[in-house]
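Worth saying up front: this structure is predicted, and the values here are computed from it rather than measured.
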Amino acid sequence: MEAGLPADPMQPAGAGAIAQRLRKPQGTARAQTGIVHLGLGAFFRAHGALYIEEAMKASGGDWGITGVSLMRPDQRDALAPQDFAYTAVELGPEGETPRLVTVLNGVLVARENPEAVLKALCDPKVKIVSLTVTEKGYCHAPATGRLNRDHADIRHDLSHPGSPVSAIGFLVWALERRRAAGHRPFTVLCCDNLPENGKVVGGVVREFAETVSPDLARWIEAECSFPSTMVDRIVPATKPEDIEKLVPLIGALDLSPVMHEPFRQWVVEDRFVDGLRPDFGAVGVELVENVTPYEHMKLRCLNGTHSALAYLGYLAGKETIAETVADPALHRYCRRLWDEEITPGLKAPPGVSLADYTAALMTRYCNPAIRHRTWQIAMDGSQKLPQRILGTIAENLAAGRPISGLALAVAAWMRYVGGVDEKGNAIDVRDPLATRLKELSDAGVTAHDKVKNLLSVREIFPEALAGNAVLQDLLVRHYQSLQDKGALNTIKDLPS
């Protein structure tokens, strides 16, 4: 460890004694910042940042990235001593392949210096603001897609234009400054798993802006662009042992590497302000007019089954997705969801076979090198269920298609947010509604009571869906079975 640096909880004991700290190689060209990314976590650094770096290598352009951590300084503190260089490690079945990434120019911490973030966003050279702030970071109601005006961060940001705390507040107040200065707006490029994510983010931005100034909202409507995207790559959380194993592989100590599977996909609607963007087409990004078919396919086939496997797998004592699908009953359950309840309602993107797509997904799930924890995927379920599972359930009910397997996933979520696993151990439920969900679950004595209480949460369950008798009956029966027999036996006994 370098002199003057505090101890890092992610640094393995003794690692600093055997290697020098990773640094950007001398003479590495630094591209001017053209992109500010809000929510600089592992996923973007293992996905979008790699595409952007490759696009500059292929076709040039000033598309360097300034990252913004909205809350904590962890990423900045780990990356600054490395000149903001880091390693992206591909985890293939045959081994690990490291790659040095140098596209980052710096990391700002919003809670420490919101004005610095606003200045970065207002720089006329910045053409794109991309985001991975998770579903809950958009301060919207997942059931409706509308801005949650009662959200504490939104209430704060409306009255504090110089020190916002939410991604939406930063976007709107930066756009207001750009408009006042006569600058062009930036493109807002959402990279989170929201259905029609560009439309959703554009909608909440305009709702916030309308409260600030109708003229600002009209300017954003006319001049700004919010292309929808679909992102796909499995990025498990980096663990201390990953850092330790990487030292001999790269000959340096990297305290902020990212791990990822070999597969990647990025589909982007080609609608950028003034047409300004990196040469994405040169590096495999699919530039399309309408991303919705790709988005529905991925959200429902991958994210939907990921959530289902996370809740049932966790309850069954499985630590990772690979362990979960290695169980024959859970493997069959996942295939059943795809074949009987998810793909029959999907319109495949041009040239895509849904059967081939889901077969490839299962191969990815089975990759033993990807230790994607069920607990990690289970986070923030209140924000994820509407677009990953509930939308499919609603469409299947309307079309007379089966929903029993999907309803079991929702019942497993209901058991999970009760905060106690099948062995009586406490579950560390991470969710913005965790306290409320636990109270609602605890207030119910019977399975019927618990299901009814949780269905009353309108931020998750629209009234029409919550009141559907078929869904209610399935949820109660599945919940009772999970309670009486456990997750694995419930899956084995699931009627076809």
Side-chain angles (χ1 to χ4, degrees), residues 10-12 15 18-29 31 37 40-59 63-65 67 75 78-79 82-104 132 191 231-266 278-280 282-286 298 302 306 320-323 325-326 359-373 376-377:
M10 285 292 286
Q11 180 169 339
I18 59 174
Q20 295 295 314
R21 190 71 173 268
L22 177 74
R23 290 197 181 277
K24 186 177 291 187
Q26 287 187 348
T28 302
H37 184 82
L40 189 70
F43 180 81
F44 180 77
R45 294 194 295 121
H47 185 267
L50 305 189
Y51 278 109
I52 291 163
E53 183 171 78
E54 290 168 16
M56 284 195 291
K57 289 179 180 177
S59 305
W63 297 107
I65 302 168
Q75 287 293 343
L79 288 165
Q82 303 177 178
D83 302 320
F84 301 100
Y86 64 92
T87 312
V89 184
E90 180 178 298
L91 303 174
E94 285 78 42
E96 301 176 351
T97 305
R99 162 183 172 178
L100 180 66
V101 185
T102 61
V103 70
L104 284 179
T132 46
C191 303
V231 296
D232 191 0
R233 170 165 267 182
I234 296 173
V235 180
T238 300
K239 303 180 295 298
E241 52 265 38
D242 296 324
I243 294 172
E244 189 167 13
K245 286 167 56 180
L246 187 58
V247 171
L249 197 61
I250 65 172
L253 174 64
D254 181 354
L255 288 186
S256 193
V258 290
M259 311 289 146
H260 61 79
E261 66 170 331
F263 179 89
R264 69 175 185 176
Q265 186 177 21
W266 199 4
D279 188 4
F280 286 138
V283 294
V285 176
E286 297 172 65
K298 189 257 182 172
L302 190 155
H306 245 182
T320 68
I321 290 296
E323 289 177 29
V325 295
L361 281 181
M362 183 58 78
T363 299
R364 293 165 64 191
Y365 288 179
C366 291
N367 181 354
I370 301 295
R371 293 190 56 77
H372 206 180
R373 296 173 65 199
Q376 180 189 2
I377 299 166

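With rounding to the nearest 0.5 angstrom, the CD atom of Q75 is 11.0 Å from the CG atom of L255. A distance of 4.5 Å separates OG1 in T238 from CE in M259, rounded to the nearest 0.5 Å. Between I234 atom CD1 and L91 atom CG the span is 11.0 Å, to the nearest 0.5 Å. In this structure, NE2 in H260 is found 7.0 Å from CZ in R99, a value given to the nearest 0.5 Å. Atom CD in E241 sits 9.0 Å away from atom CD1 in I243 (nearest 0.5 Å). Going from atom CD1 of I377 over to atom CD1 of I321 covers 3.5 Å, rounded to the nearest 0.5 Å.
Not one N or O on the side chain of Q82 forms a donor-acceptor pair closer than 3.5 Å with the backbone of R21. Counting only distance, with no hydrogens or angles, the side chain of T97 and the backbone of E90 share no donor-acceptor pair below 3.5 Å. For the pair Y86 (side chain) and L104 (backbone), a donor-acceptor distance under 3.5 Å is absent. A distance-only check finds no donor-acceptor pair linking the side chain of D232 to the backbone of F263 [under 3.5 Å].
Taking each heavy atom of G67 and L40 in turn, the nearest pair found is CA-CD2, 4.1 Å. The heavy-atom pair separating V235 from H372 by the smallest distance is O-NE2, 4.2 Å. L246 approaches P257 most closely through the heavy-atom pair CD2-CB, 3.6 Å. Contact between S256 and L79 at its shortest, heavy atoms only, is CB-CD2, 3.8 Å. Annotation for P368 and A322: closest pair CA-CB, 4.5 Å, computed over non-hydrogen atoms. Residues P98 and T87 come closest through the heavy atom pair CB-CG2, 3.7 Å.
Ring centers of H306 and Y365: under 6.0 Å apart, within the cut-off.
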Quiz item: Are V101 and R45 close enough, and set up right, to give a side-chain contact (heavy atoms from CB on, under 4.5 Å), and what steps lead you there?
Solution: CA-CA 9 Å; V101 185; R45 294 194 295 121; over 6 Å; no
Self-check item: Evaluation steps, side-chain contact (heavy atoms from CB on, under 4.5 Å), between I52 and F280
Solution: CA-CA 7 Å; I52 291 163; F280 286 138; 3.9 Å; yes
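If you run side-chain contact (heavy atoms from CB on, under 4.5 Å) between F44 and each of I65, L50, V231, only I65 comes through. With Q265 as the fixed residue, the side-chain hydrogen bond (donor to acceptor under 3.5 Å, both in side chains) test singles out one of E286, H47, R233: E286.
Applying the salt bridge (Lys or Arg N to Asp or Glu O under 4.0 Å) criterion to E261, with sequence neighbours excluded, gives R364. Under the rule for a side-chain contact (heavy atoms from CB on, under 4.5 Å), the partners of A282 that lie at least two apart in sequence or sit in another chain are A58, S59, D279. When the side-chain contact (heavy atoms from CB on, under 4.5 Å) test is applied to D83, the partners found at least two apart in sequence or on another chain are R23, K24.
Counting heavy atoms from C-beta outward, L249 and E96 have side chains that approach closer than 4.5 Å. Contact of the D242 side chain with the P240 side chain is not registered, since no non-hydrogen atoms from C-beta on lie closer than 4.5 Å. With a 4.5 Å cut-off on side-chain heavy atoms, P25 and L100 count as touching. Between V283 and P278 there is no side-chain heavy-atom pair separated by less than 4.5 Å. When side chains are defined from C-beta on, C191 counts as touching W266, because their heavy atoms get closer than 4.5 Å.
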